[in-house]
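Lettering of chains follows the sequences in order, A, B, ..., and the numbering in each one begins at 1.
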Amino acid sequence: MKKLVLIDGHSILNRAFYGVPELSNSQGLHTNAIYGFLNIMFKILDEEAADYIAVAFDLSAPTFRHKEYAEYKGTRKSMPDELREQVPLIKDVLSSMNIPILTKEGYEADDIIGTIAKRYQSDEVFVSVISGDRDLLQLSDKHIKIRIPKTSKGVTTIHDYLPEDVMDEYGVTPKEFIDVKALMGDTSDNVPGVPSIGEKTATKIIQEYHSIENAIEHVDELKPPRASKALSEHIEDAKFSKMLVTIVTDAPIETDISDMEVGNLYTKESLEWINKLEFKSFLKRYENVETEASIELDTSVIDKQDAWESLYTKLKEAKEFGISVCLEETAVKSYHENSLYAISVTLENKSYIIKDMENISDILEEIIRLDARKYILSLKPLIKLVKDMKAAKNFYDISVAAYLINPLKDSYFVEDIARDYMESACSSKSEMIGKAKLDEVLRFNDEKAINYFATESYVALHSEENILAKLKDLELTELYENVEMPLIYSLAKMENTGVRVDEERLKKYADTLLEKIAKLEESITRKAGESFNINSPKQLGEILFEKLKLSGGKKTKTGYSTAADVLEKLAPEHEIIRDILEYRQLTKLNSTYATGLAGYIREDGRIHGTFNQTITATGRISSTDPNLQNIPVRTEMGSKIRDIFVPKEGYVFVDADYSQIELRVLASLSGDEKLIESYRSAADIHAATAAQVFHVPLDEVTPELRRNAKAVNFGVVYGISAFGLSEDLSISRKEALDYINNYFKIYGGVKKFLDKQVADAKEKGYVKTMFGRIRPIPEIKSSNFMTRSFGDRVAMNSPIQGSAADIMKISMLKVDEALEKSGFDARIVLQIHDELLVEVKEDEAAKVSELVEKAMKEAVSLKVPLEVDAHIGKTWLEAK
DNA sequence: ACTGTCACG
DNA sequence: ACGTACGTGACAGTT
């Protein structure tokens, strides 16, 4: 038996649009509906093994069924722009897959589907109709299955309806289903129906009389009397509704089923679309497709000294080349052991893979000293291998450049750079070598591995021109050359240095935690009356809100919320709550910090995390493996973990942090005289704000008023909203709004500045920091209120957070430089957004503390002074 | 792979 | 009417 799949195009696209979260490609094109559509289609095709397929679309012209009431169609809600722009695209994508698109002047997609389905269904052909619209259930038949996809929690499940399923769910046959719908009406579809007859009554009537016509004949006998009266008064409405609901099954559509035969979906053209739309998850379906635009590589392996020497001669004369390194990923040795395995170099159009050379480290040292401009996708891993980083000159990091151009992307891998800056497709690492480790497959000269590794240096070299030109266009060159590029060296040094942890103390800390956790667990089990997994929000919710009947209010998508702020409010209701909150805190400390950090300690007794330069939207650095930027400090028990971070013997820490850098940045950026004046004179900025906003003398500011003012200051930095502030302070929205208005009345310059950011973002699509860093804000043009409001707040926050990030980066460079020049035995070990932790020889601590403080204060010059607090200590906790 | 929670600035 | 404060990353549980 053959299978025919018919898809209701607009309906599925609509479902996909609302079911898939916002998604867009790097050009800012919205793609979520197309993504969802293809997901559903692929899923259906995979499981059905369809022989025939077609997709039906409405045309915009009035349809036959509705033509006399054309204006009534016009009252339908118009499509959001984000969806509208995707409609022509999905048609192009389908065409590229050789899937026929069916439309017919004067008919809706429903009618086309109805006609085709009834025309071809037979003992030989089984039809599946894919739609989100339940009206199509009327088409269900012995050989026609209606399939309705439902996406919730990101998972798509499909509900199938054969006639018996319609009967089960609605108690009527598919044919009778028309009459039920017609009687009850459908406001969203502008079907009037009969007033006061709903689903229940309609079903009862049709179950008894089987059709509207028959019910009208027996209208006097109808029960309840209310329905009888309603129908008799609205006979025309009922008939009209039925006409609207009834799908045409004999439309004059010329088709030939052979045109719908499923051919090769995975054509070159459709691959181009998938690449253009940036649907990476679909790419594996195209594995066997030859990509025409793919890069042609001319590679050779260098594994002999004389071959290297002849290449070296060429490199010495070269003006520029691309380079990449491959590390040994497998053996985790002591941290400083060299783990370089291979080097890829592209000179003009020829790529060389240098590998299996005893002296590969020396080769690298020679290469980095060459005069040529050297382009690399990611410099940090290379530079970390080099003995004298300062000797490495003339490097251009391509991914950092791409990040400055668009910091919103989630990766800057070779395929991303090739797509965005070379207009050619190239395969990703996983497409080329799967899950294998590059060094391992390179070892036996695997062709794909060689090719992949060569593309890394090839793309670095050949994307350079476009990418640097784009940087220049956006006025980012200075930031790139003077801040981001040099910063790579500072970050590399910091990673190589690592931070020491006292393993013994860590162990003791973990034991203390485990003891307390065990006691709490016992207490919670006793108070709950049963043992359960406290870490499971689901089980915990059931215990608290069902078994113990606590007043569970706030719900999440999946169940009760058991977040700390919710539990906090429940604390007076049951003594178990305190225990749970403490249990949560301690298990977090144990799993993420005590146990978690222990696993990162290397043979040198230090943790060498990674500091990422191309992750955040605002320009901040991020920290991973482990995250050293979220080590606890706010609670007493938590802050104890900082006592295990220690300097090496004979050294101490200097911890230096900016005081309220973001508010100072705001004062400077906005030029608000009052705020600037506050910073020049006042010691306590929150108190000063309180005095101004609440009209009280500075010495009469109560802690309460100060707390409120502090919240307002935070709110301003985050992109203020009355709602957010009211939540934070547990006050009414009206009061919050009063605070905000008061604030803006006093600090008019701030208001003006924030408004300007939003206006700029709306006009240009991005905002900029003090040093020209760009943050694109695609959300600001959204037609969705919530998304757009988010865009507004981001427009206000990004220049502030981003400028502070710029300042810290410049500051790191200056501190680094000053330390180096001074010859002190000291180095930066951590950066935590507005804080630097420096390890220094004990007898130089005081001088270094002063030097760091000075370098940070003078890093940049703002309209207000920058203040830095620096402390010396034997542990991180002590130094803070 | 996603969700909820919670650690930081 | 809409329903949130901005920026991150890790872990445990669930799908």
Do S721(A) and dT4(C) have a side chain to base donor-acceptor pair shorter than 3.5 Å? yes
In terms of side-chain heavy atoms, does E867(A) have a donor or acceptor partner in Y679(A) at a distance below 3.5 Å? no
It should be established whether T616(A) places a side-chain nitrogen or oxygen under 4.0 Å from OP1 or OP2 of nucleotide dG7(C). no
Report the distance from atom CD of Q613(A) to atom P of dT8(C), rounded to the nearest whole Å. 15 Å
Any idea which of dG9(B), dG4(B), dC2(C) is nearest the D834(A) side chain? dG9(B)
Between dT5(B) (P) and I580(A) (CD1): distance, integer Å: 12 Å
Has F790(A) got its ring stacked on the base of dT4(C), with centres under 5.5 Å and planes less than 30° apart? no
Regarding I800(A), tell me which of base, sugar-phosphate or nothing describes its non-hydrogen contacts under 4.0 Å with the strands shown. nothing
Please give, in whole Å, the distance from dT8(C) P to I631(A) CD1? 19 Å
Does R793(A) place a side-chain N or O at less than 4.0 Å from the phosphate oxygens OP1/OP2 of dC6(C)? yes
Under 4.0 Å between any heavy atoms, over every strand shown, what does D728(A) touch: base, sugar-phosphate, or nothing? Just pick one. base
Check whether any side-chain nitrogen or oxygen of R620(A) sits under 4.0 Å from OP1 or OP2 of dC6(C), and answer yes or no. no
Can you tell me the distance, in whole Å, between the CZ atom of R788(A) and the C1' atom of dA1(C)? 12 Å
Nucleotide nearest S536(A) when distance is taken to its side chain, options dG3(C), dG9(B), dG13(C): dG13(C)
